[in-house]
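Only this structure's heavy atoms are used, side chains among them; waters, hydrogens and symmetry mates stay out. Naming: A, B, ... by sequence-line order, numbering from 1 per chain.
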Amino acid sequence: MEVIRSQKRTVSNDVVSTPTLPLYLTAPHMEVRLEEFELFAIDRLRVLKGVSDGLARARNPNEMDDLVETLWKEHMRLSNVSEMINKDIISHFVLRLVYCRSDELKKWFLSMETALFRHRFRLKKIEEQRAIVGEFGLPYKAVIGAELESLKERLGLVARSHGQISSDVENIYYKVPFEEVPDLVASRRVLLQKGFAFVAGTQLVSLVVTQFRSHLSKALILTNRKWTTTIREREKDRLTPIVEALSTSYLGPDYSQSNEYADISLKDIDQVSKSSFPLCMRHLFEKLREDHHLKHGGRMQLGLFLKLDDALAFWREEFTKKVGSERFDKEYAYAIRHNYGKEGKRTDYTPYACSKIITSAPGAGDHHGCPYRHFSEDNLKAALSRMGLSSRGMEDVMDKVRNRHYQLACTLTFEAVYGTSCDTGINHPNQYFEESQKILKSKTPAAPV
Amino acid sequence: MTREETETSGEDMMIDDPKPKIENDFNVHYLRIYYGNLFPYTDIHKWLSYGHDGKHPGCDEYYFGRREFSFTLENDVYLRYKSFKNASLMEAAIKSNFPYKIDIGAVYSVDPDKRHAYAQSGTNLFTPVERELVFDIDITDYDDVRYCCSGADVCSKCWPLMTVAIKVIDTSLREDFGFKHILWVFSGRRGVHCWVCDAKARRLTNEQRSAVAEYFRVYKGNENNAKKVDLMGHSLHPFLARSYVDFIKSFFEGELQATQSIFSSKEKYEKILGMITDEDIQADLRGKWENSARSSLSEEATSLLRWEQLKKALQSKRNKALSLRTCVEEIVFTFTYPRIDLEVSKQMNHLLKAPFCVHPKTGRVCVPIDPNNCDEFDPLAVPTLSQLIEEINSGGLRMDVDDDDSDSSLLGKSIKFFRSSFLEPLLKSCKEEIESSYKTKIAKTKDSFSW
């Protein structure tokens with residue numbers, strides 16, 4: 001891809017033959033105007049951000065299909081098809097440059113592009129889908145005739161276990177090693193037999209998405225290498241500043257650098273937890289005080305949120321009540337220092353955003369996750385009333401919960417507790433905390449918080 | 001000479017009651033004798049070498065040396081990233097450290113103890129390359145449905161939950177996933193571990209492991225939600241249906257009622273009533289059961305009767321709501337279906353306790369369990385360290401683990417089982433694989449000369 005300043009753009013012949021859903025397998029041969037370089041990328045980023053929001057609201061797949069269709073029309077549509085395809089391809093490759101540069105950026109980009117691809121694929125007709133499968137060069141055999149007959153009954157059970165009322169079975173199934181469709185296996189949407197999964201034609205999306213993701217993941221590593229060794233330096237007066245600006249502009253503030261927390265001292269933490277913590281963290285904190293222990297998921301979620309100066313002392317104080325100081329030092333101190341980047345890989349983990357917390361899955365004995373999602377109605381109402389919500393305020397919040405708008409529910413809670421409106425919406429527990437502290441400090445500047 | 005025995009992190013995060021335990025089943029003196037004479041070093045080495053014994057040109061002689069081990073020593077010192085070039089070095093290290101616990105990790109891209117040499121370049125060259133697919137089932141995860149024990153204890157009444165778990169998971173690993181080389185091991189106190197050692201299993205990515213673990217997952221809950229098993233849809237997935245029909249239904253309606261009497265008190269049956277989404281049915285059953293509190297039936301008979309009443313009540317209303325149709329199965333699954341620790345299975349770098357270790361709290365050896373005979377397994381009859389030492393002393397036997405008569409001794413039976421049922425078939429298959437991939441490689445290089 002060559003970036004130029006001229007007014008005209010030459011479009012290579014390759015573009016005409018690419019399908020309407022590019023796989024981005026190889027970088028295209030085309031020239032791009034500098035202005036388009038940035039603008040196309042920004043538009044695509046708007047789409048990806050929209051996808052990210054949709055996922056955080058735990059939208060079901062059909063809702064996501066609609067959302068993606070809307071987002072694509074809104075931001076990526078152009079007057080003719082080949083222009084649209086160009087924009088699609090160019091914007092993807094520009095964003096690869098932007099998002100290859102760190103593990104966290106890569107992870108986000110990979111998740112969003114994969115989700116985007118998945119839903120765009122789902123919107124295609126079955127013949128187009130099969131063509132795309134072919135383009136990936138996947139060697140799967142169709143199961144027909146006698147073999148299909150012998151599996152029919154169980155295939156019907158699989159379909160019925162996911163809401164289908166009849167025991168009808170599709171015409172074509174593909175016999176695929178189970179490793180290639182992990183998400184279908186995880187959700188028990190396929191029949192398994194001796195290591196093979198029987199994937200319905202309509203489930204092709206899973207196969208393709210796995211391939212897409214795997215390919216993009218490898219490509220990002222290569223792109224990163226190219227970026228750090230040649231491109232960044234070569235383009236330092238032209239593309240590099242654009243690339244660097246793009247990654248910070250639309251994801252919201254980066255809470256890994258935050259230094260709000262140096263202000264909480266250990267002695268104030270109980271009070272602060274009641275006045276400024278969002279419900280998820282308040283619950284974890286209360287459970288920690290109650291049980292003097294938290295399981296791994298809870299330690300991660302709360303630990304990264306807190307970022308105390310002397311976090312180790314905080315955890316030690318709680319855990320030693322149950323576990324004893326010797327055992328704390330041996331078993332837990334390592335793990336906690338690991339969280340703060342002082343051991344092992346020395347990654348300073350960033351605090352979890354709402355989207356990550358909502359999609360976690362607390363199990364037996366766990367207290368992490370998002371209470372708006374993971375608590376039963378009764379438990380949630382009790383917790384909300386402890387936060388001081390009136391019954392009307394609670395009804396509004398519960399209404400959001402029933403419609404699966406978990407972050408909106410948290411936002412409403414915030415608004416009810418502090419008596420102000422929060423236009424941007426809550427998407428990060430640390431954001432809730434910061435905003436809360438701002439409000440409390442502005443109300444009583446001299447009083448301790 | 002008592003020491004504070006502690007259980008270190010690894011697969012469980014539960015904190016135990018500081019009750020004084022009987023400590024004469026385990027002490028460091030016995031442990032030395034055990035590691036001096038009884039621990040099957042050669043068998044473990046053979047297993048973890050997966051056929052790379054250097055006898056075939058296709059062998060990777062450095063394979064065993066890239067495996068991570070960790071030791072937990074007597075004063076809770078934890079040593080990670082230990083690796084050994086061969087069996088003698090492993091044996092020497094164990095005999096000089098006498099670890100209270102040995103964990104087995106993954107096979108890495110380079111020797112774990114040389115990993116720092118490769119850490120410079122920024123891209124991480126020290127990564128796991130192979131690791132068995134492992135599962136950890138701990139009976140404390142069933143505390144909300146077992147009434148005989150809780151926490152660290154286990155007894156003959158609740159152990160059958162583990163037996164059912166083994167049957168369900170083992171059958172699925174073989175039938176659904178096509179795995180063949182599966183080792184089940186007693187964890188030493190209150191659970192079981194499963195090691196799936198097929199080559200395909202060892203090469204699974206974290207995402208694929210996660211998928212298998214999620215496939216097995218049914219129970220989703222903690223104290224914050226009342227209904228922890230949600231089987232939606234108009235039928236069960238064939239895997240769950242098979243597990244239900246072949247194992248868990250009969251267990252629930254038979255042995256479980258006898259050992260746990262899950263309906264016999266108000267507290268117990270309220271928990272079950274909470275799983276029924278129809279309030280009328282709840283009230284109806286509650287009324288029946290409150291009034292019959294002074295019946296002359298045994299606890300077990302009462303439980304069975306109430307179960308029948310519950311099924312009947314749901315049956316009569318099954319067309320009203322979809323959720324009522326699967327309610328019976330949901331209750332059965334809640335009480336009996338396996339609960340695996342997902343985190344253990346999901347990551348390649350997770351360490352898991354080695355078979356044939358000795359559990360510091362019970363003194364019992366972590367012996368293999370035969371999945372085809374798991375009904376016979378009794379966790380309270382597993383040889384303890386002191387029994388083994390006693391056997392050596394009284395018989396004057398020198399435990400030679402290669403001795404064919406060894407199956408008459410306490411540990412010998414287990415070692416023999418390990419070899420014949422697991423190790424031999426596994427090594428046979430490994431050899432075949434090494435041979436065939438070597439042949440393929442040779443064929444390829446021959447072709448490449450032709451250009």
Worksheet entry | Region of B:Leu240 in contact with chain A, defined by heavy-atom distances below 4.5 Å | side chain
Worksheet entry | Structural part of B:Asn75 lying under 4.5 Å from a heavy atom of chain A | backbone
Practice prompt. Name the region of A:Glu153, side chain, backbone, both or neither, that has any atom closer than 4.5 Å to a heavy atom of chain B.
Written response: neither
Discussion item. I'd like to know which of A:Ala383, A:Pro182, A:Ala361, A:Ala197 tops the heavy-atom pair count under 4.5 Å against chain B.
Written reply: A:Pro182
Item to complete: Flag the one option from B:Lys200, B:Arg209, B:Lys180, B:Arg80 with the top tally of heavy-atom pairs under 4.5 Å to chain A.
Response: B:Lys200
Worksheet item: At a heavy-atom separation under 4.5 Å, does B:Arg339 approach chain A through its side chain, its backbone, both, or neither?
Response: neither
Worksheet entry | Most contacts with chain A, counted as non-hydrogen pairs under 4.5 angstrom, among B:Ser210, B:Ala211, B:Ser172, B:Ala213 | B:Ala211
Practice prompt. Kindly give the heavy-atom pair with the smallest separation between A:Val185 and B:Tyr215, and that separation in Å.
Written response: O-CD1, 3.2 Å
Practice prompt. State whether the number of non-hydrogen atoms from other residues, nucleotides or ligands found under 6.0 Å of A:Lys107 atom NZ is greater than 12.
Written response: no
Item to complete: Please round to the nearest 0.5 Å and tell me the distance separating atom CD of B:Glu175 and atom CG of A:Leu192.
Response: 11.5 Å
Fill in: Closest non-hydrogen atom pair, A:Arg188 against B:His237
O-CD2, 3.2 Å
Practice prompt. Could you give me the CA-CA distance, side-chain angles and deciding distance for A:Glu179 and B:Arg203, then say whether salt bridge (charged side-chain N to carboxylate O under 4.0 Å, His left out) is met?
Written response: CA-CA 10 Å; A:Glu179 294 93 325; B:Arg203 288 173 203 147; over 6 Å; no
Discussion item. Please find the pair of heavy atoms, one from A:Ser161 and one from B:Leu236, that lie closest to each other, and give the distance.
Written reply: CB-C, 3.9 Å
Worksheet item: Quick one: does A:Arg160's side chain have a donor or acceptor within less than 3.5 Å of a partner on B:Ser235's backbone?
Response: no
Item to complete: Could you grab the distance from atom CD of A:Gln164 to atom NE2 of B:His234, nearest 0.5 Å is fine?
Response: 9.0 Å
Worksheet item: Between B:Phe216 and chain A, which part of the residue has a heavy atom less than 4.5 Å away: side chain, backbone, both or neither?
Response: backbone
Worksheet item: Rounded to the nearest 0.5 Å, what separation is found between the CG atom of B:Leu204 and the CZ atom of A:Phe178?
Response: 5.0 Å
Worksheet entry | Side-chain heavy-atom pair A:Leu191, B:Phe239 within 4.5 angstrom cut-off | no
Worksheet, complete the sentence: Nearest heavy-atom contact between B:Arg217 and A:Pro362 is NH2-O, 4.2 Å
